[in-house]
There are 2 protein chains.
Amino acid sequence: MSKSATKVLQALERVGGFASAQELHLVLKRNQESIGLTTVYRTLQNLVNEKSVDILRKDDGEAIYRLCGDSHHHHLVCKNCGKTVEIEGGAIEKWAQKSGEENGFREIGHTAEIFGLCSEC
Amino acid sequence: MSKSATKVLQALERVGGFASAQELHLVLKRNQESIGLTTVYRTLQNLVNEKSVDILRKDDGEAIYRLCGDSHHHHLVCKNCGKTVEIEGGAIEKWAQKSGEENGFREIGHTAEIFGLCSEC
DNA sequence: ATGGAAATGACAATCATTTCCATTCTTGGT
DNA sequence: ACCAAGAATGGAAATGATTGTCATTTCCAT
């Protein structure tokens, strides 16, 4: 499980944020790395189990992954043109952590996204 | 779109919590209601759009739905058993509004969800 | 070198969700 | 009541992500 894991982790570093299994597979292919899609899925699953990688789901249900410890940020997206701004979410982190703890939850994570119309739209 | 909507809403009331489209379809079939799976999906989409129904995702990516009160709130969901707690999000509302405005956005909305492991899991 | 366990990858299978399209209801105007 | 236009419906096929299968390859300790 070692060679593939290395490749997948490198791909995750290269993209620098969230990426789906399919995207990672493409990235690896583009970089002349020979690796099967099946192996990408299996490797990601292993990495998630050993907590080296976070998994979450897009609205359409597709799974996206990122390295644990990556700096965590959120997105501000224009509903009309798709323009995206990265936002630091200090307030949200605290809110999520606190709300979770108050209800007896552990290993608390969260997703959040802001949308609206940007100045040009 | 009205007859189907009624049936789907009744099914949602009957199950009393979260249910997937497929489960709702089964429930309706068991109760002699004639309705197609396609229509269940379409109707759920409509109900989600008009904010009568909440949608979220299980760990495996399957969509689950439930009736939603009209007050704006967020969810704290157990990754393992699906237990859900409704959370008031005062901090988040302000954060979203502020972040959007600082970047020149208008008509600002947001999504947010907290997940973790509940006390029994 | 060798045997066995773990890893790999091409391909097929699965499963929720969507798309297509033909058929059936509604509805407004006459 | 009648009829055409459009909306709603549902079954079948398509889609797309993910998982299972299984033959082959790589690793590693002996």
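To find a chain, count down the sequence lines: A is the first, B the second, and so on, and within it residues start at 1.
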Backbone N or O of [Y] within a donor-acceptor pair of the [X] side chain at under 3.5 Å?
X        : Y        : result
A/Lys7   : A/Ser34  : yes
B/Thr39  : B/Ile35  : no
A/Arg106 : B/Cys118 : yes

Just to be sure I understand the rule, does A/Glu23 reach a base, reach only the sugar-phosphate, or reach nothing, if contact means heavy atoms closer than 4.0 Å?
nothing
Base, sugar-phosphate alone, or nothing: which one does A/Ser34 contact when heavy atoms must sit under 4.0 Å apart?
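The answer is sugar-phosphate, as A/Ser34 gets under 4.0 Å only of primed atoms, P, OP1 or OP2.
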Heavy atoms from C-beta onward define the side chain here; which of [options] lies closest to that of [X]?
X       : options                : answer
A/Ala21 : C/dT17, D/dT18, C/dT18 : D/dT18
A/Gln22 : D/dT18, D/dG10, C/dT8  : D/dT18
A/Tyr41 : C/dT18, C/dT17, D/dA17 : D/dA17
B/Glu62 : D/dT18, C/dA16, D/dT9  : C/dA16
B/Thr38 : C/dT19, C/dA16, D/dA17 : C/dT19

Could you tell me whether B/His110 and A/His75 have their ring centroids closer than 6.0 angstrom?
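No: the rings miss the under 6.0 Å criterion.
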Rounded distance in Å - [atom1] ([X]) to [atom2] ([N]):
X       : N      : atom1 : atom2 : value
B/Leu24 : C/dT17 : CG    : P     : 11 Å
B/Leu37 : D/dA12 : CG    : P     : 12 Å
B/Asp60 : C/dT17 : CG    : C1'   : 13 Å
A/Lys58 : D/dT18 : NZ    : P     : 9 Å
A/Asn46 : D/dT18 : CG    : P     : 16 Å
A/Leu47 : C/dA7  : CG    : C1'   : 14 Å
B/Leu44 : C/dA16 : CG    : P     : 15 Å
A/Arg57 : D/dG16 : CZ    : P     : 18 Å

Is any side-chain nitrogen or oxygen of [X] closer than 4.0 Å to OP1 or OP2 of [N]?
X       : N      : value
B/Ser4  : D/dT9  : yes
B/Gln45 : C/dT18 : yes
A/Lys3  : D/dC27 : yes

Would A/Gln97 and A/Glu101 count as having a side-chain donor-acceptor pair, cut-off 3.5 Å?
yes
What is the base-pairing partner of D/dC3, counting Watson-Crick and G-U wobble geometry with both distances under 3.5 Å?
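Its partner is C/dG28.
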D/dT25: pairing nucleotide in any strand, Watson-Crick or G-U under 3.5 angstrom:
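D/dT25 is paired, partner C/dA6.
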Let's test your reading of the model: under 3.5 Å, does the base of C/dG9 pair with the side chain of A/Arg42 as donor and acceptor?
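Yes, a donor-acceptor pair under 3.5 Å.
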For a salt bridge (charged side-chain N to carboxylate O under 4.0 Å, His left out) check, start with the C-alpha distance between B/Glu33 and B/Lys29, then their side-chain angles and the critical distance, and finish with the verdict.
CA-CA 5 Å; B/Glu33 294 288 355; B/Lys29 280 295 180 67; over 6 Å; no
